[in-house]
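Below, all heavy atoms of this structure are taken into account, side chains as well, without hydrogens, waters or symmetry copies.
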Amino acid sequence: MVCSAAPGLLIEPFAGGGIISLTAVFEGMVERALMVELDDEIAAVWKVVVNGESEWLAGKILRFNMSKANAAAALKRESADYRDTAFKTIVKNRTFHGGILAPGAGLVKNGESGKGVLSRWYPSTLAKRLRDIHRIHSKLEFRHADAFTVVDEYANDADAVFFIDPPYTAGGKNAGKRLYTHYALDHDALFGKCAALKGDFIMTYDNAPEVVDLAGKYRLQARPVAMRNTHHAEMTELVISRNLDWMD
């Protein structure tokens with residue numbers, strides 16, 4: 001994806017933690033970003049951010065006395081306020097094994113260096129990150145919506161660029177089922193929609209034969225790239241687009 005000038009809009013249909021959108025805006029690579037996420041818990045966090053309420057969430061994190069009992073109590077507390085859901089999501093992400101939010105995950109037992117729920121709880125760092133994001137929140141837009149709906153909406157916008165990182169469930173892979181609440185996805189339909197986009201796009205996928213076949217079906221290029229997973233094991237993923245000559 002090579003552009004002579006910074007694109008006006010980056011769309012991240014499977015936003016999750018939004019690292020691509022945030023990095024692109026922070027580094028001035030795009031003017032603004034639209035993040036899309038279907039998961040209710042993750043969506044609550046982004047609603048807080050784009051609504052300019054990061055300071056509230058940062059303060060809540062800084063005041064929280066993290067312990068296994070307090071974490072369990074916070075996660076059991078019910079509230080209709082999306083801000084409370086956002087805080088619970090942060091607690092869950094930082095205290096559940098692997099940061100997994102999907103059903104079936106649970107609080108870490110030993111954690112890093114035997115610190116249990118404290119092993120990944122860095123309130124000052126989390127608060128600083130939220131405050132940093134607040135500085136660019138006016139350049140961020142968030143939609144609590146299905147990815148396909150937004151892809152269709154911007155399909156004919158030649159000035160929009162897409163970064164698409166869907167759950168890895170193609171070919172019966174289990175990673176997406178383990179990591180995400182909304183893991184079911186019609187991969188063939190997604191490839192078809194991407195191939196028809198007027199704007200540029202990059203997709204990232206598990207390096208699986210079924211994915212390579214889909215790329216070929218829709219006349220897209222696929223290149224393997226080295227990466228490490230959360231367990232630091234070396235593996236490869238696929239980068240997919242219409243033209244990947246810029247990777248040479």
Side-chain angles (χ1 to χ4, degrees), residues 1-3 5-39 41-50 54 89-90 93 99-101 126 129-130 132-151 153-155 157 159-170 175-176 179-180 182-183 185 187 190-191 193-194 197 199-207 211 220-230 235-244 246-247:
M1 180 160 43
V2 179
C3 302
L9 176 64
L10 167 65
I11 301 174
E12 194 172 1
F14 302 91
I19 187 61
I20 297 299
S21 292
L22 294 177
T23 301
V25 173
F26 272 122
E27 297 296 329
M29 293 184 285
V30 296
E31 295 178 11
R32 59 194 181 95
L34 168 58
M35 298 181 291
V36 183
E37 179 58 54
L38 188 59
D39 185 273
E41 295 177 314
I42 299 173
V45 177
W46 289 122
K47 286 177 183 178
V48 167
V49 170
V50 300
S54 293
T89 302
I90 297 295
N93 174 257
I100 298 172
L101 302 178
L126 292 169
R129 182 61 170 166
L130 285 166
D132 287 343
I133 295 173
H134 179 73
R135 292 191 289 104
I136 62 165
H137 82 277
S138 62
K139 297 182 178 181
L140 303 174
E141 181 183 352
F142 175 72
R143 300 269 192 93
H144 186 189
D146 179 77
F148 281 20
T149 300
V150 178
V151 170
E153 180 181 345
Y154 287 89
D157 188 343
D159 295 323
V161 296
F162 295 77
F163 179 81
I164 300 172
D165 183 31
Y168 291 173
T169 54
L179 296 174
Y180 307 108
H182 302 282
Y183 60 81
L185 186 69
H187 296 281
L190 180 60
F191 269 77
K193 289 179 183 295
C194 289
L197 290 173
D200 289 328
F201 68 91
I202 287 177
M203 302 172 72
T204 56
Y205 254 95
D206 190 40
N207 191 355
V211 176
L220 302 176
Q221 295 183 7
R223 303 276 182 88
V225 293
M227 54 86 67
R228 291 179 182 271
N229 64 15
T230 55
M235 54 189 300
T236 59
E237 288 187 345
L238 292 175
V239 174
I240 301 166
S241 190
R242 294 191 190 94
N243 188 328
L244 294 175
W246 54 271
M247 292 184 66

Mind checking what makes side-chain contact (heavy atoms from CB on, under 4.5 Å) contact with [X], not counting sequence neighbours?
X	value
Val239	Ile202, Val225, Leu244, Met247
Asp159	Asp157
Thr149	Asp146
Leu22	Phe26, Trp46, Arg129, Ile133, Ile136, Leu140

side-chain hydrogen bond (donor to acceptor under 3.5 Å, both in side chains) involving [X] - partner list, sequence neighbours excluded:
X	result
Thr23	none
Glu153	Arg143
Ser54	none
Glu31	none

Could you check whether any side-chain N or O of [X] sits under 3.5 Å from a backbone N or O of [Y], counting only pairs where one atom can act as donor and the other as acceptor?
X	Y	value
Glu27	Met29	no
Gln221	Asn243	no
His134	Val49	no

> Phe14: what forms a ring-ring contact (aromatic ring centres under 6.0 Å, His included) with it, not counting sequence neighbours?
Replying inline: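 Partners of Phe14 under the ring-ring contact (aromatic ring centres under 6.0 Å, His included) test: none.
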>> Let's go through Phe148 and Leu185 carefully: what are the C-alpha distance in whole Å and the side-chain angles of both, what is the deciding distance for side-chain contact (heavy atoms from CB on, under 4.5 Å) to 0.1 Å, and is it a yes or a no?
In response: CA-CA 10 Å; Phe148 281 20; Leu185 186 69; 3.7 Å; yes
>> Check the orientation of His187 and Tyr205. Use parallel for under 30°, tilted for 30 to 60°, and perpendicular for over 60°.
In response: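 If you compare the ring of His187 with that of Tyr205, the planes turn out perpendicular.
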>> Walk me through whether Ile11 and Phe201 qualify under side-chain contact (heavy atoms from CB on, under 4.5 Å).
In response: CA-CA 9 Å; Ile11 301 174; Phe201 68 91; over 6 Å; no
>> Tell me every residue that passes salt bridge (charged side-chain N to carboxylate O under 4.0 Å, His left out) with Lys193, counting only those two or more places apart in sequence or in another chain.
In response: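 If we apply the salt bridge (charged side-chain N to carboxylate O under 4.0 Å, His left out) test to Lys193, skipping adjacent residues, the hits are Asp152.
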> Under the side-chain contact (heavy atoms from CB on, under 4.5 Å) criterion, do Met203 and Leu190 qualify, and how do the steps go?
Replying inline: CA-CA 10 Å; Met203 302 172 72; Leu190 180 60; 4.1 Å; yes
> Do you know the tightest heavy-atom contact between Ala226 and Thr236?
Replying inline: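 Looks like CA-CG2, 4.4 Å.
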>> Return the CG to CG distance between Leu126 and Leu130, rounded to the nearest 0.5 Å.
In response: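 Spacing of CG (Leu126) from CG (Leu130) equals 7.0 Å.
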>> What verdict does the side-chain contact (heavy atoms from CB on, under 4.5 Å) test give for Val30 and Phe163, after you've listed the backbone C-alpha separation in whole Å, the side-chain angles of each residue and the deciding distance to 0.1 Å?
In response: CA-CA 12 Å; Val30 296; Phe163 179 81; over 6 Å; no
